[in-house]
Amino acid sequence: MSRPVSRRSGAVDPFIVMDVMAAAAEKEAAGGTVVHLEVGQPSTPAPRTALAAAHAALDGDRIGYVAALGMPALRERIARHYRDTYGAEVSPERVIVTTGSSGGFPLAFLASFDAGDRVALAAPGYPAYRNILAALNLEAVDLPTSAADRFQPTLGALDKAGPIAGLIVASPSNPTGTMVSRSELKALADWCDARHVRLVSDEIYHGIVYEGETTSAVEVSDHAIVVNSFSKYFSMTGWRIGWLIVPPELVRPIERLAQNFFISVPTLSQHAALAAFDGREELDGHVRRYKANRDLLMAGLPAAGLDRLTPAQGAFYIYADVSHLTNDSRDFCTRMLAEAGVATTPGVDFDRARGTGTLRISFAGSTAEMEEAVRRLKQWRRV
Ligand SMILES: Cc1ncc(COP(=O)(O)O)c(C=O)c1O
């Protein structure tokens with residue numbers, strides 16, 4: 001008899017949106033058309049500056065291993081980004097290049113926590129946080145949130161969470177697009193710092209903002225870990241490149257982990273990422289399109305009965321409360337896809353308890369797709 005699979009891998013949930021994507025692909029293969037509001041990635045390639053740098057690197061560089069913490073030029077460029085964008089002085093030594101932000105999470109968690117530690121996070125939230133925590137024998141502690149608090153963690157919820165070693169905050173958030181203000185982030189960071197709790201700030205949607213201003217955790221705490229990526233604003237999902245900003249005492253522990261886990265981050269992607277910072281004009285054009293898409297959906301969806309919408313301040317998601325229409329968001333999304341040809345993500349992916357009455361609508365696609373989605377949904381809800 002073979003050995004059973006490990007308990008910690010068994011604790012990892014599947015990503016239900018994958019089922020929606022498979023059903024959408026099946027519908028398309030059968031000749032149907034689908035408007036894709038389920039995808040959590042830009043519909044555009046990397047900026048032209050990044051593509052040109054990648055071509056040049058292919059021609060001129062061996063593309064061998066590089067230092068585990070990243071190419072020095074890229075670490076310096078990322079540090080400069082903090083000065084330019086936030087007015088914050090970040091030493092390049094504290095910048096660690098990672099294989100997407102996904103590659104940064106295990107490094108951040110392993111360097112900060114020991115097996116059995118409890119780490120708090122908002123529900124609804126990005127599902128990989130809890131799944132990576134589970135795989136590392138860490139306990140995810142759900143912080144209940146409300147629409148009134150823009151689905152973000154509050155000090156009151158933290159006070160009730162019991163002993164925790166870490167707090168994950170995402171602003172703008174996936175799936176709600178909501179943000180914490182500078183004063184809220186400062187209060188959360190102060191709460192953490194006073195209790196030796198490690199704040200992990202997921203800032204992957206910074207740059208994609210419509211209302212308010214993003215604050216980086218480096219501006220309000222010397223002890224927080226910032227997680228970021230070239231996937232969203234920089235439109236480089238498949239290049240698998242991101243970064244961490246960590247307190248000085250975590251640099252060497254993370255370097256040792258990164259050397260052993262990954263050796264180094266894809267070199268071609270590092271060349272491209274360095275040049276992506278020069279593609280801002282093109283990238284800001286994408287953000288203007290996302291804003292137009294958001295405004296179009298916020299105005300159009302209510303006529304299709306989807307009128308309980310969380311207004312996204314950033315990212316490219318609208319979180320819709322559909323609890324008056326269904327108590328099974330998975331079934332609702334399946335029917336919406338089959339009958340209207342519109343694919344969305346059921347809320348259960350983000351909130352196991354309350355997500356049966358919610359869904360996530362991504363507006364990362366083209367404006368024409370958003371128009372078509374509204375047209376189809378209006379027609380569907382009239383039947
Ligand atoms: C909030 C959030 N964090 C992290 C990630 C991981 O992105 P990547 O590994 O491409 O940087 C995603 C991807 O959708 C996300 O939505």
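Throughout, residue positions are numbered sequentially from 1 according to the sequence presented. Just follow the structure's listing: the first ligand is 1, and inside any ligand the first atom is 1.
Using a 4.0 Å cutoff on heavy atoms, Thr237 does not count as a contact of ligand 1. The shortest heavy-atom distance from Tyr205 to ligand 1 is under 4.0 Å.
Of the residues Thr310, Thr358, Asn174, the one that meets the side-chain hydrogen bond (donor to acceptor under 3.5 Å, both in side chains) test with Tyr319 is Thr358.
Nearest protein neighbour of atom 9 (O) of ligand 1, counting heavy atoms only, is Ser102 OG, 2.5 Å. Here the heavy atom of the protein found nearest to atom 6 (C) of ligand 1 is Ser101 OG, 3.2 Å. For atom 12 (C) of ligand 1, the closest heavy atom belonging to the protein is Tyr126 CZ, 3.4 Å. Protein heavy atom at the shortest distance from atom 10 (O) of ligand 1 is Ser231 OG, 2.6 Å.
The ligand atoms of ligand 1 that sit less than 4.0 angstrom from a heavy atom of Lys232 are 13 (C), 14 (O). Listed by number with element, the atoms of ligand 1 under 4.0 angstrom from any heavy atom of Arg240 are 8 (P), 9 (O), 10 (O). In the vicinity of Gly100, heavy-atom distances shorter than 4.0 Å reach the ligand 1 atoms 9 (O), 11 (O). When each atom of ligand 1 is checked for a heavy atom of Asp202 under 4.0 Å away, the hits are 1 (C), 2 (C), 3 (N), 4 (C). The distance from ligand 1 to the heavy atoms of Tyr129 drops below 4.0 Å at these ligand atoms: 1 (C).
Cluster membership check: Ile318 shares its hydrophobic cluster with Met370, using side-chain heavy-atom separations under 4.5 Å among Ile, Leu, Val, Met, Phe, Trp and Tyr.
Here the NE2 atom belonging to His271 is positioned 9.0 Å from the CG atom belonging to Leu58, to the nearest 0.5 angstrom.
There is a side-chain donor-acceptor pair under 3.5 Å between Asp193 and Ser221.
Every N/O-N/O distance between Thr99 and ligand 1 stays at or above 3.5 Å. Below 3.5 Å of separation, one finds no N or O of Tyr317 facing any N or O of ligand 1.
Between Arg118 and Pro163, the closest side-chain pair of non-hydrogen atoms falls below 4.5 Å. Looking only at side-chain heavy atoms (C-beta outward), Asp114 and Asp117 come within less than 4.5 Å of each other.
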Residues Thr344, Val20; criterion side-chain contact (heavy atoms from CB on, under 4.5 Å); working and verdict
CA-CA 8 Å; Thr344 54; Val20 178; over 6 Å; no
Decide side-chain contact (heavy atoms from CB on, under 4.5 Å) for Glu203 and Thr214; before the verdict, give the C-alpha distance in whole Å, the side-chain angles of both, and the deciding distance to 0.1 Å.
CA-CA 9 Å; Glu203 302 180 0; Thr214 44; over 6 Å; no
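Among Ile241, Ile168, Ile204, the residue whose heavy atom sits closest to atom 7 (O) of ligand 1 is Ile204.
Side-chain rings of Phe316 and Tyr210 stay apart, their centers remaining 6.0 Å or farther from each other.
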